[in-house]
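Reviewing the structure listed below.
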Amino acid sequence: WVQGFTNTNFSFINNQTVCYPCGNYILFLDIETKKTTVLQCQTGQVGAFAANGNSQVLAFSDRKLNPIIYIYTFPELSQLTELKGNAQLDYTLLAFSFTGPYLASYSSIPEFALSVWNWQENILLCSESQPGVTVTSLSFNPMNWQQLCFVNESSVTIWHIERNNDEHHLKRHPVKLPDGQGSASPHTDLFFPVSHSEDPYHGPDLPVSAIAGLV
């Protein structure tokens with residue numbers, strides 16, 4: 001009963017080992033020797049799950065009130081740290097950055113909060129709430145840990161992690177998607193790139209050819 005595979009995500013934690021959650025356990029399958037290793041979540045059912053093959057670490061949350069994110073190392077299966085955030089009910093998604101000790105998490109109702117952690121130092125860097133938004137996918141840019149791709153059923157958003165010394169802040173950049181018929185958004189006006197409907201508080205609208213130097 002512990003060997004089954006659900007429709008949750010799975011990941012390579014090194015070149016020959018696949019891991020995935022099932023019930024109260026994380027299963028590790030060596031694809032060469034077919035040997036299986038089991039890690040038990042001591043507090044019940046496993047919630048969100050992510051693995052990082054570069055650092056050979058995995059993260060998972062438990063499903064209880066005020067859930068905790070646990071970070072384990074592989075193949076030792078020793079606990080590195082516990083991340084305690086402000087989530088009250090559940091985490092739905094976790095994602096490791098490809099470079100650096102960073103982990104992104106998304107909590108469900110009531111917070112709907114996107115958070116970024118430094119898991120090595122057990123620090124919550126920044127958090128931003130998206131009330132009512134159910135996310136289907138969350139991933140870091142492989143080339144830049146300061147960019148997150150945030151996908152739900154109707155939109156795609158790129159979140160930039162702005163940094164000033166030790167301060168971090170999430171800045172939202174929506175992605176314009178084609179409409180239901182597949183047609184793209186109207187072509188950008190290359191002559192007057194600034195919308196004339198906006199308040200020209202910072203000066204008049206100038207054509208591209210008239211703009212030079214620093215803006």
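Worth saying up front: this structure is predicted, and the values here are computed from it rather than measured.
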side-chain hydrogen bond (donor to acceptor under 3.5 Å, both in side chains) partners of [X], counting only residues at least two apart:
| X | result |
| --- | --- |
| N14 | T17 |
| S115 | S127 |
| S137 | none |
| N118 | none |

With a 4.5 Å cut-off on side-chain heavy-atom distances among I, L, V, M, F, W and Y, is there a chain of contacts connecting [X] to [Y]?
| X | Y | answer |
| --- | --- | --- |
| F74 | V46 | yes |
| W119 | I123 | no |
| F112 | L89 | yes |
| Y25 | F28 | no |
| Y20 | L94 | no |

Next on the checklist: Side chains of T81 and N122: any donor to acceptor distance under 3.5 Å?
Outcome noted: yes
Can you confirm whether [X] sits close enough to [Y] that some side-chain heavy atom of one is under 4.5 Å from a side-chain heavy atom of the other?
| X | Y | value |
| --- | --- | --- |
| L125 | I161 | no |
| T134 | N152 | no |
| L80 | V57 | yes |
| C149 | V156 | yes |
| N141 | L148 | no |

Item to check | All pairs passing salt bridge (Lys or Arg N to Asp or Glu O under 4.0 Å) where residues 14-38 contributes a residue, at least two apart | outcome: none
Next on the checklist: Tell me which pairs pass salt bridge (Lys or Arg N to Asp or Glu O under 4.0 Å) where either residue lies in residues 151-165, with sequence neighbours left out.
Outcome noted: none
Checklist entry - What do the steps show when you test L27 against T37 for side chain to side chain contact (heavy atoms under 4.5 Å, CB included), and what is the final call? => result CA-CA 6 Å; L27 271 64; T37 308; over 6 Å; no
Run the ring pair (Phe, Tyr, Trp, His ring centres under 6.0 Å) test against [X] and tell me which residues pass, sequence neighbours left out.
| X | answer |
| --- | --- |
| H160 | H173 |
| Y102 | W145 |
| F140 | none |

Next on the checklist: Tell me the closest heavy-atom pair linking A51 and F96, and the distance in Å.
Outcome noted: C-CD1, 3.7 Å
Next on the checklist: For a quick test of reading the model, state the closest non-hydrogen atom pair linking T157 to W159 and the distance between them.
Outcome noted: CG2-NE1, 3.7 Å
Quick one: does [X]'s side chain have a donor or acceptor within less than 3.5 Å of a partner on [Y]'s backbone?
| X | Y | result |
| --- | --- | --- |
| Q56 | I13 | no |
| N52 | F98 | no |
| N164 | E167 | no |
| S97 | T99 | yes |

Item to check | Pairs touching residues 31-54 that satisfy ring-ring contact (aromatic ring centres under 6.0 Å, His included), sequence neighbours left out | outcome: none
Which side-chain N or O atoms in residues 103-111 pair as donor and acceptor under 3.5 Å with protein atoms at least two apart or in another chain?
| unit_1 | atom_1 | unit_2 | atom_2 | d |
| --- | --- | --- | --- | --- |
| S105 | OG | W117 | NE1 | 3.0 |
| Y106 | OH | V133 | O | 2.6 |
| S107 | OG | A113 | N | 3.1 |
| S108 | OG | D90 | O | 3.3 |
| E111 | OE2 | Q88 | N | 2.9 |
| E111 | OE2 | Q88 | NE2 | 3.4 |

Throw together a table of side-chain donor-acceptor distances under 3.5 angstrom for residues 66-73, partners on residues two or more places apart or in other chains.
| unit_1 | atom_1 | unit_2 | atom_2 | d |
| --- | --- | --- | --- | --- |
| Y70 | OH | D62 | OD2 | 3.0 |
| Y72 | OH | Q79 | OE1 | 3.2 |
| T73 | OG1 | E76 | OE1 | 3.4 |

Checklist entry - Does the pair V135 and V151 meet the rule for a side chain to side chain contact (heavy atoms under 4.5 Å, CB included), with working shown? => result CA-CA 6 Å; V135 181; V151 181; 5.6 Å; no
Next on the checklist: Determine whether L170 and L114 satisfy the following criterion, side chain to side chain contact (heavy atoms under 4.5 Å, CB included), listing intermediate values before the conclusion.
Outcome noted: CA-CA 9 Å; L170 283 165; L114 172 64; 4.2 Å; yes
Checklist entry - If you count the non-hydrogen atoms of other residues, nucleotides and ligands that lie under 6.0 Å from NZ in K84, is the total more than 12? => result no
Checklist entry - If you measure from SG on C126 to CD on E128, what distance do you get to the nearest 0.5 Å? => result 8.5 Å
